[in-house]
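Here's the structure, in structure tokens; my notes come after.
Start at 1 with the first residue, then count along the sequence. This one's a predicted model, so the numbers in the text were calculated from it and none came from an experiment.
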Amino acid sequence: MVERWGYKVADHANDKGHRAAFRASSEHCLMSDVSYLNCWEFKGPQTDLLAGLQKFTSPETGRTFAYKDFLDGHLEGSCMLYEPTMYPAGSIGVVRFTWVQTALPSSNPTTNRSLHIWTHPSVSDTFLTHVVTVFGMDPVDSDKNSTTPIPDLDAMEVDEGNADDGGLLKSMSAVGEEKGIPEGTVKVQGKTELRAREYRSVTCSLRLLKKDLIRFRLTGPKSTAVLKSVMKPVTFPTEAVEGDFWWKPFLVDGGQTSAMELQHATWTGMDAMPLSSDVRAGSVLGLVVRDPRIFLPRRKISLADAENQNASSGTIGSSSRLPNRSAPLAASVLWSEGVRDQVKRDKMSDRDMNKLRSALPAPGMELDLGADEAKIPVVLIRNAGYNSQEAHSKADYGAGWDLIIPAGWAMPFWIPLVYNGARVAGLQEMATVARHRAALLGPADLPDSAAGNAIAMSRRHDLEGKFQRYPPDKRPNFIKMGTLSPFHSPWPALTQDWLDIAKFTDKSPALLESAPADFHVIRNLRLLTVIQNLLSGSITTEKLVADHSVLLQTHSRGIVAVHVLFHAGGSAEDFSMLAMPATEDLEKAALDKHFKGPVEPPHKDPFRKTQPPKQRRKLQVDMILSDKDSVVDHCSRKLLGYVVKGGYSFIRGAETAMGFCTLLGLMQLARITAASGGGLGGATRDALPVLVRHPHSLQYHFAGMSVLPYSPCL
């Protein structure tokens, strides 16, 4: 367990390594708890909500809040948020969102709608600040029904032991809160004060459901089978029952009952391994299920045993195709605060349930609690697997489900899921899954966001401290290796260098005007398609400049997410350098298939023989850790970008890496490759040759580089 963002979060499993996690995610089921994501509930007229939220998005990056299937509530969407009027710079982070399904058509502009947006906790404060400003909201004290001043964010206590959250508040309403601090409060200048959880404007409201919902993520082809073993749809009694139950009003409302019956029939009839063509990515399914503790096996069972049990009981369906989109499959009472509170109160304690179980005539018999058995509303959301035409990963790898349940029911669901075959994963395992899926995982892999930059600076601080704690003879001499930034990626200096290079050439006149003030990640789908066509040789650099001059001006300081594949040896780690091969390198690679790549000549250490040993070591460390103004031409090969994550891919059977390269550098690389004929061992039809070098090595290795499809991942 590690402290992150005010939570105690599982970092890694202690029983097995990353290979076991990959095996579970590719062949079985891997489960993680992502309840640290913050859920914000918006309410108000649909037109007002869309008018405000559209200021945070750009249609150039893909589908946003106004996409029809998202508005209808059938699908959960995801998009990148930007500070208002700041696109393409000023990125906030990736969010996932779901419109609550209603009986009225989504095209009705006066319809009052509910929208749930899930944000990473490291971006929640930035998100809240801009939303309150755009919508003109004021904080509301829900207990006294009166407005209260917003606490001073700069004066609040920050968890200094974990600076990678970007100065995020150590929220006392988070899981694992400090003892003695009341729920819903924070420490402000040493005092305990209430932090508003609800904000309102004239027409809209915003509420933080931080401790109201639990979210589990199940990844793998057998995640559906695991869920079907645990979640059994309820059967409501047909006769009147005594007691105050949340579900009694639904017995009177025939429309609600028929909708639940359709949802239950859909879930029961779904195949244990549904096809992506049958269950669309992002599909939302609401269910009401029985207490999973009743079906808890006496011991852990394998997925094969669970499938055999389901087959014998006839619970595995023969078709996974969902009904038409007009069916109310996504409707759920889970979004009702009153229902959630009552479900939490109606939960039978483990002590009472174990006492009743001990009174059974024989071990293993199923408990019959009658009307007292809890009926829990849950929501299932289908996660997409890898679906790009590029062969960076395996088709549908990473597909699965997100399970959203009411607060207070985490362990009653977690333990049965584990006992029915789910392998538990932490942050490290989920990062490994994202790498094998060839997906960048926010916010750490978003260098142009404030949260991503804060994480990078925190990691740089930790690595530099570790480097300085080494004995002098154990420290790599990065000066002789020509490594200017062994512990971070200087994106501003890199993009500015390439912009200066472009200004002194006559091949890119469109780039000389109105350059952006800061760097940003290019997420414009049209431009990314054009860049991939450039890398594959479908178009030339001259045609790119002629046809897309406006785009190039807007994104002249942009960096492009790339995927690197090693075909003939070599590997990459974090902060490895992506460099441009020289013409003679390409010629040697074309003639000799065993040519690994050039070797960087050792650089001169100016302090080697001019300073006493003690003073020399201090000057060397200061030079290594200092920020550099220029980085592109420091070595014998021009620097294009950096690797953000790398390692061995069990899917491709080779070393792979993901990183970012400057747009202007890619254009020059494409021009050089086209002039040399493009032949090289290691590159493919849709990939350009690139040189990769470890921070602590002088050896360059050839690899093939292609554009990484933009797919926001949270």
Query raised in the report: Just by modelled atom types, is the L527 backbone N or O under 3.5 Å from a matching donor or acceptor in the N524 side chain?
Result: yes

Query raised in the report: Quick one: salt bridge (Lys or Arg N to Asp or Glu O under 4.0 Å) pairs with a partner in residues 484-493, sequence neighbours left out?
Result: none

Query raised in the report: After noting the C-alpha distance and the side-chain angles of T119 and S124, does the key distance pass the side-chain hydrogen bond (donor to acceptor under 3.5 Å, both in side chains) rule?
Result: CA-CA 6 Å; T119 64; S124 293; 3.0 Å; yes

**Report entry** For E83, all residues meeting side chain to side chain contact (heavy atoms under 4.5 Å, CB included), sequence neighbours excluded
**Finding:** M86, I92, H130

Requested in this report: Would you confirm whether Q532, through its side chain, and S706, through its main-chain N or O, come within 3.5 Å as a donor-acceptor pair?
Outcome: no

Query raised in the report: Do H694 and T483 have a side chain donor and acceptor closer than 3.5 Å?
Result: no

Report summary line: For K588, the salt bridge (charged side-chain N to carboxylate O under 4.0 Å, His left out) test, sequence neighbours excluded, returns none

Query raised in the report: What residues, two or more places apart in sequence or in another chain, satisfy ring-ring contact (aromatic ring centres under 6.0 Å, His included) together with F467?
Result: F478, F487

Report task. Please report the C-alpha distance between H520 and T495 in whole Å, then the side-chain angles of each, then the deciding distance to 0.1 Å, and finally whether the side-chain hydrogen bond (donor to acceptor under 3.5 Å, both in side chains) criterion is met. Result -> CA-CA 9 Å; H520 61 272; T495 54; over 6 Å; no

Requested in this report: Could you label the plane-to-plane angle of the F70 and F97 rings as parallel, tilted or perpendicular, counting under 30° as parallel and over 60° as perpendicular?
Outcome: perpendicular

Query raised in the report: Does atom CG of D629 have more than 12 heavy-atom neighbours, drawn from other residues, nucleotides or ligands, at distances under 6.0 Å?
Result: no

**Report entry** Within-4.5 Å side-chain heavy-atom neighbours: R280 and R382
**Finding:** no

Query raised in the report: With sequence neighbours left out, which residue pairs that include part of residues 517-538 fulfil the salt bridge (Lys or Arg N to Asp or Glu O under 4.0 Å) condition?
Result: D448-R523

Requested in this report: Scan for ring pair (Phe, Tyr, Trp, His ring centres under 6.0 Å) pairs involving residues 434-464, sequence neighbours excluded, and state none if there are none.
Outcome: F22-H436, H436-F650

Query raised in the report: Given F595 and F702, is the side chain to side chain contact (heavy atoms under 4.5 Å, CB included) satisfied, shown in steps?
Result: CA-CA 9 Å; F595 179 62; F702 270 113; 3.6 Å; yes

Query - Qualifying residues under salt bridge (charged side-chain N to carboxylate O under 4.0 Å, His left out), relative to D11, sequence neighbours excluded - result: none

**Report entry** Ring-face cation of R693 near Y700 (centre distance under 6.0 Å, axis angle within 45°)
**Finding:** yes

Report summary line: Y82 meets the ring-ring contact (aromatic ring centres under 6.0 Å, His included) criterion, sequence neighbours left out, with Y87

**Report entry** Set of residues satisfying side chain to side chain contact (heavy atoms under 4.5 Å, CB included) with respect to L484, sequence neighbours excluded
**Finding:** K628, V631, H634

Query - Y397/S25 under side-chain hydrogen bond (donor to acceptor under 3.5 Å, both in side chains): CA gap, chis, key distance, verdict - result: CA-CA 8 Å; Y397 175 78; S25 63; 2.8 Å; yes

**Report entry** Under the ring-ring contact (aromatic ring centres under 6.0 Å, His included) test, residues paired with Y642 that sit two or more places apart
**Finding:** W491

Report task. Report the residues that fulfil side chain to side chain contact (heavy atoms under 4.5 Å, CB included) with P472, sequence neighbours left out, ordered by chain and then residue number. Result -> R617

Query raised in the report: With sequence neighbours left out, what residues match A670 under side chain to side chain contact (heavy atoms under 4.5 Å, CB included)?
Result: L534, T541, L688

